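Treat the numbers as computed from the prediction; the structure is a model and nothing was measured.
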Amino acid sequence: MTDVLGAVRSYVRAQKLLRPGPLVLAVSGGTDSTALSLLLAELREEFGLVLHVAHFDHRARPRAAAADAAFVAEVANHIGATLRVGRADAPPKNEDDARNARYDFLRRVARDLGATGIATGHTRDDQAETVLLHLTRGAGLAGLAGMRPERDGIVRPLLAIGRSDTVAVCAAARIAPREDPTNRSLRFARNRIRHRVLPELVQLNPEVTSAIARLADAAAAVADTTADHAEATLGAAESDDTLDIDRLPPKNDARGDALALWWARRTGQRLAARHRSALGELAASSNGSRSLDLPGGRALREYKTLRIVVRDDGSAPTDKKSLRNRPVTLERGRTTDWHRWRFALDVNIDGASQVGLIDGDRVIVRGRRPGDRMNGPRGAKVQDVFTDAKVPVRERDEWPLVTVDEDVLWIPGITPPPRSGRSALRALRMGDDSSEMTLGNREQVASLKEERRRGTERGRPRT
């Protein structure tokens, strides 16, 4: 237990995964998520966490659902955490439907609590399975990178340990987690990799899951660098709703990276290799007009410009980025949390916040959108502001924009606060070190320290 806890602690610190404040724990009742609860309960004082357990019933196992929920309730009670339980409207049609419904529920809980993130129990074994699964489907570098330690508000503190470690943690606590029999079914591709492929690879290398995890880390580093280049390329070629083909890089790989990023932003869909190749072929010519149907929409090329018509007939999956960046309207005299930021309009806030003076009946905080520009006759593109500030690509979707009447007035932590109004708007970035901010005009933003009651153990879950 001590060794496992030390490994998780070191990984969390190295990846900067946990920030002070509320944290949602996704707990199914299985071994990994139960171990996640036990380990983070041990670390909560050290990292200033307020733990909230969230459990979702997919309605895939009606007979076991009540027992699963009861067990998770006992886990929450054991670690002194609150509990939220959600239930699907209908049984899922497939694994993707189940996953989407689960994460929609978790994000609603996180939003209601003003949580700094959602922690899941994915382990090094899950990472190996994911990489192998992506590999069999012909994934590129992004697919080989597997699951990231943090992405879209999801944190994975257990990627540094294996499934045998989570079993040991539960055994040390004398807790017998719930078992999902579908995890043994070979109907699912992941289970075939888990029960057939990986055991064969272990015969060749007993540390194969660690080796695959190192491959994923290396692929992630290259993919991040590639994404930064694609971001810069896209900034030079994008104008409002169109893309200038002549401004795209001549090399196929670099051009494909920029096009794939552009498509993902506009439609919320990641293109498979064959779709990415088709889009690249469309952009390789500038003669006449052509169109191409792809997941999430249609690409239209008119001579030297490209644009996208996003499908709204329900055939395209929900734009997850739009859900993440859903705007919130600030109310006077109240504080509002948006991702890792706290805003207060005409009211004080604890901590060394930035203060802007604004006017307007509706002050809205939201994420960036294609074509956003700063307010003013010569307003800079928001994407250029992020690039100049050297904000990592992975952070830009969750960086707040303060708008009034659709005008972008302020990007807290990056642009100077507005000073022309009469209402005071305070912005505080929670849990981050302000020394990491890159522009000289950024003001000091202190970490938020929440006062909370200590969680107390109230008994051990029944086994």
Is a donor on one side and an acceptor on the other found under 3.5 Å between the side chain of [X] and the backbone of [Y]?
{"X": "R396", "Y": "V391", "result": "yes"}
{"X": "Q127", "Y": "M147", "result": "yes"}
{"X": "R373", "Y": "V382", "result": "no"}
{"X": "T305", "Y": "R301", "result": "no"}
{"X": "W341", "Y": "P400", "result": "no"}
{"X": "T415", "Y": "W410", "result": "no"}
{"X": "D388", "Y": "V385", "result": "no"}
{"X": "T116", "Y": "P22", "result": "yes"}

Counterpart residues, side chain to side chain donor-acceptor pair (under 3.5 Å), relative to T130 (two or more places apart): R190
Side chain to side chain donor-acceptor pair (under 3.5 Å) partners of T123, counting only residues at least two apart: D126
Just to verify, what does [X] make a salt bridge (Lys or Arg N to Asp or Glu O under 4.0 Å) with, not counting sequence neighbours?
{"X": "D359", "answer": "R422"}
{"X": "R214", "answer": "none"}
{"X": "D165", "answer": "none"}
{"X": "R276", "answer": "D257"}

Any chance you could measure [X], atom [atom1], to [Y], atom [atom2], to the nearest 0.5 Å?
{"X": "D337", "Y": "F343", "atom1": "CG", "atom2": "CZ", "value": "9.5 Å"}
{"X": "T166", "Y": "H122", "atom1": "OG1", "atom2": "NE2", "value": "12.5 Å"}
{"X": "L425", "Y": "L345", "atom1": "CG", "atom2": "CG", "value": "6.0 Å"}
{"X": "I308", "Y": "L292", "atom1": "CD1", "atom2": "CG", "value": "10.5 Å"}
{"X": "D112", "Y": "H52", "atom1": "CG", "atom2": "NE2", "value": "11.0 Å"}
{"X": "I118", "Y": "I154", "atom1": "CD1", "atom2": "CD1", "value": "4.0 Å"}

Once side chain to side chain contact (heavy atoms under 4.5 Å, CB included) is applied, do any residues pair with [X], and if so which ones, sequence neighbours excluded?
{"X": "D246", "value": "D244, K304"}
{"X": "S291", "value": "R298, L300"}
{"X": "D346", "value": "R332, S423, A424"}
{"X": "T34", "value": "L38, F71, V75, C170, I175, P177"}

Electrostatic pair D397-R151, nearest N-O below 4.0 angstrom: no
Pairing of E129 and R163 as salt bridge, 4.0 angstrom limit: yes
Can you see which heavy atom on [X] is nearest to which on [Y], and at what distance?
{"X": "A115", "Y": "V24", "value": "CB-CG2, 3.9 Å"}
{"X": "T82", "Y": "A76", "value": "O-CB, 4.2 Å"}
{"X": "E150", "Y": "R19", "value": "OE2-NH1, 3.3 Å"}
{"X": "A54", "Y": "F105", "value": "CB-CE2, 3.9 Å"}
{"X": "F47", "Y": "R13", "value": "CZ-CG, 3.9 Å"}
{"X": "A81", "Y": "L51", "value": "CB-O, 3.3 Å"}

Residue pair T209 / D125, side-chain donor-acceptor N/O under 3.5 Å: no
Pair S28-S33, side-chain donor/acceptor within less than 3.5 Å: yes
Which residues share a ring-ring contact (aromatic ring centres under 6.0 Å, His included) with H58, sequence neighbours left out: F56
Show me the donor-acceptor pairs within less than 3.5 Å that the side chains of residues 131-145 make with the rest of the protein, sequence neighbours left out.
| unit_1 | atom_1 | unit_2 | atom_2 | d |
| --- | --- | --- | --- | --- |
| H134 | ND1 | G143 | O | 2.8 |
| T136 | OG1 | L133 | O | 2.7 |

